[in-house]
There are 2 protein chains.
Amino acid sequence: MTERNRTDKLEAPSNAIGKILSFIRERRYQPSERLPSERDFAEKFDTSRGAVREALAALETMRVIERRPNSGIYLRKIEESSIDALVLYAESGVPFEAKEIADVMEVRRMLEGQAVRLACTRRTADNIREINAILEETNKRLSKKQSIEREDEAFHLAIFSATKNDILLRVARSFYELSRHRRKVYFADHSRGRQSYEDHCAILEAIEERRVGQAEQQMNAHLSRTGEAWQALLAYIPQVACRLT
Amino acid sequence: MTERNRTDKLEAPSNAIGKILSFIRERRYQPSERLPSERDFAEKFDTSRGAVREALAALETMRVIERRPNSGIYLRKIEESSIDALVLYAESGVPFEAKEIADVMEVRRMLEGQAVRLACTRRTADNIREINAILEETNKRLSKKQSIEREDEAFHLAIFSATKNDILLRVARSFYELSRHRRKVYFADHSRGRQSYEDHCAILEAIEERRVGQAEQQMNAHLSRTGEAWQALLAYIPQVACRLT
DNA sequence: TCTGCCAAATTGGCCAAACCAGTCCTTTAG
DNA sequence: CTAAAGGACTGGTTTGGCCAATTTGGCAGA
């Protein structure tokens, strides 16, 4: 009951990574604490040292652990760990807090209002075509009662892309990756998907016509609605959030 | 002449990671192109398959490559690769463009102006103490004519930390990581360090006294000065930027 | 000539046993 | 009591092998 064929998030959880990760969480290891040795892990998971070392290499680049030669493997602070590690954590069963939602929405307000302004002035015809295609796909999925979490992410990232600021796009990508699990929960409700779709259409129209003020206003309205929907979601069924995947 | 004992950036370039990375770059591989097999790499680098596999595991979590079972190893798009991979690239000898600087400064303007406002209202006494300590260290290093790139990063991240928004802090961290190499180049000049220090002191004062408007204004002024200094730097000695490390 | 099938080669994934070069701690000889 | 010797760890690395799946190529039949 540990995992199934869900190898479409990170391509190689490779089994061992997940095992080590949940081992760390279950045993409540503290930062800078020393973990079992490679050989212990291999024995514990009934696998080979090579497989363990490969997983450890991955976890080290995610900055979850630190390997000190001739000493041991040490757990690092959670804040130091990379986004990929957090995604792995979030993907299955980590507690889910209202403050995180509020934080996410605050950052979105900081970034997306200004991004949409830039997008208005710098967009090309290609950008419009791309966003249009995304919205069509959104509509298609909505009419089939499917979740649109990926299309929502694609829409917002396409706006960042239209700003022609590669650094901003990169930051936005890692940000959206970070909140991907929450988005999955959010769009489990069909009506929230419909509302987002309508908001998106209005935003695209403003960008296409290069109405800077209107675009920013529409984006702010969209984010406000999303924030309120989140509050409502959390107020009534906070425990549902964890179980959905 | 490939590498020396510079194992203080990412903890385990482990030699093989760097070798594979420069191999990819030298041979000008294109995205989605198939790389040599694990066994080929092992032979090429005169090492074992296990070492190669460990490096590949790391590169896979950095999303530089994709390993398809029973098929091969494929190069992914650069835009998909993680920040760590970009840092590795930047660390040694990648071209250096003015647009990147402009992009970075644009993002900083988007984020830090609002962040400093939040910091004013939400800061605790601890935040002030922390920032003060950073500024003291900055001053100490300046009087010893040392570069302050780490202290500069610490100062700005401490402001993000004072906003009490963990998501924002995380985004800012990855952002600063992304531009770490450029910062190293920037602070190679001592006078730019002094200017930043003075700006930082003014910003801290405003945050401490919770003067929201003044803090934002100081931050904007600081970012403007930094942007201009960058322009000047790039205009006169663009080629120096690449060679400095 | 074209088609279909089967076997060999190649791939990544994995395992086992060993050796190295350090660190740390205990034991032992002076 | 001290200091040297020894052993028991550690992560880092190599070698050599097996597995399952895919790809490939050649051979047989139509």
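Proteins come first, then strands; the chains are lettered A, B, ... in the order of their sequence lines, and each starts at number 1. Excluded from the calculations below are hydrogen atoms, water molecules and symmetry mates; all remaining heavy atoms, backbone and side chain alike, are included.
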Considering just the side-chain nitrogens and oxygens of [X], establish if one lies under 4.0 Å of OP1 or OP2 belonging to [N].
X	N	answer
A:Arg53	D:dG12	yes
A:Ser37	D:dT10	yes
A:Thr47	C:dC14	no

Enter the distance from B:Phe155:CZ to B:Leu204:CG here, rounded to the nearest 0.5 Å.
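Answer for the CZ-CG pair, B:Phe155 versus B:Leu204, is 6.5 Å.
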Let me know the distance between [atom1] of [X] and [atom2] of [N], rounded to the nearest Å.
X	N	atom1	atom2	answer
A:Glu43	C:dC14	CD	P	19 Å
A:Asn70	C:dA21	CG	P	11 Å
A:Phe41	C:dC15	CZ	C1'	19 Å
A:Asp40	D:dT10	CG	C1'	11 Å
A:Asp46	C:dG13	CG	P	20 Å
B:Arg34	D:dT24	CZ	C1'	12 Å
A:Glu66	D:dG11	CD	C1'	13 Å
A:Glu38	D:dA8	CD	C1'	17 Å

Quick check for you: among [options], whose closest atom lies nearest to any side-chain atom of [X]?
X	options	result
A:Arg49	C:dA18, C:dG22, C:dT11	C:dA18
A:Pro69	D:dT10, C:dT11, D:dG11	D:dG11
A:Arg67	C:dC15, D:dG11, D:dG17	D:dG11

Mind checking A:Ile73 for me? I need base, sugar-phosphate or nothing, with any heavy atom below 4.0 Å counting as a touch.
sugar-phosphate
Regarding A:Gly72, tell me which of base, sugar-phosphate or nothing describes its non-hydrogen contacts under 4.0 Å with the strands shown.
sugar-phosphate
Please check if the side chain of A:Arg170 supplies one atom and the backbone of B:Glu79 the other of a donor-acceptor pair under 3.5 Å.
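Yes, A:Arg170 side chain to B:Glu79 backbone: donor-acceptor pair under 3.5 Å.
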With a 4.5 Å heavy-atom cut-off, do A:Leu233 and A:Arg192 have their side chains touching?
yes
Report the C-alpha separation of B:Glu80 and B:Arg63 in whole Å, then their side-chain angles, then the decisive distance to 0.1 Å, and conclude whether the salt bridge (charged side-chain N to carboxylate O under 4.0 Å, His left out) test is met.
CA-CA 6 Å; B:Glu80 293 177 341; B:Arg63 270 175 289 223; over 6 Å; no
Please determine if B:Arg183 forms a cation-pi arrangement with B:Tyr176, meaning its NZ or CZ atom is less than 6.0 Å from the six-membered ring centre and no more than 45° off the ring axis.
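Checked: cation-pi criterion not met.
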Would A:Arg173 and A:Phe160 count as a cation-pi pair here, with the cationic atom under 6.0 angstrom from the ring centre and within 45° of the axis?
no
Quick check on the helix from C:dT1-D:dA30 to C:dG30-D:dC1: what's the angle between its two end axes, five base pairs per end, to the nearest 10°?
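For the helix from C:dT1-D:dA30 to C:dG30-D:dC1, the axes at either end differ by 30°.
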Report, as yes or no, whether the 6.0 Å neighbourhood of atom NZ on B:Lys44 holds more than 12 heavy atoms from other residues, nucleotides or ligands.
yes
Which is more 5' along DNA chain D, the nucleotide nearest B:Ser48 or the one nearest B:Arg39? Just name the residue.
B:Ser48
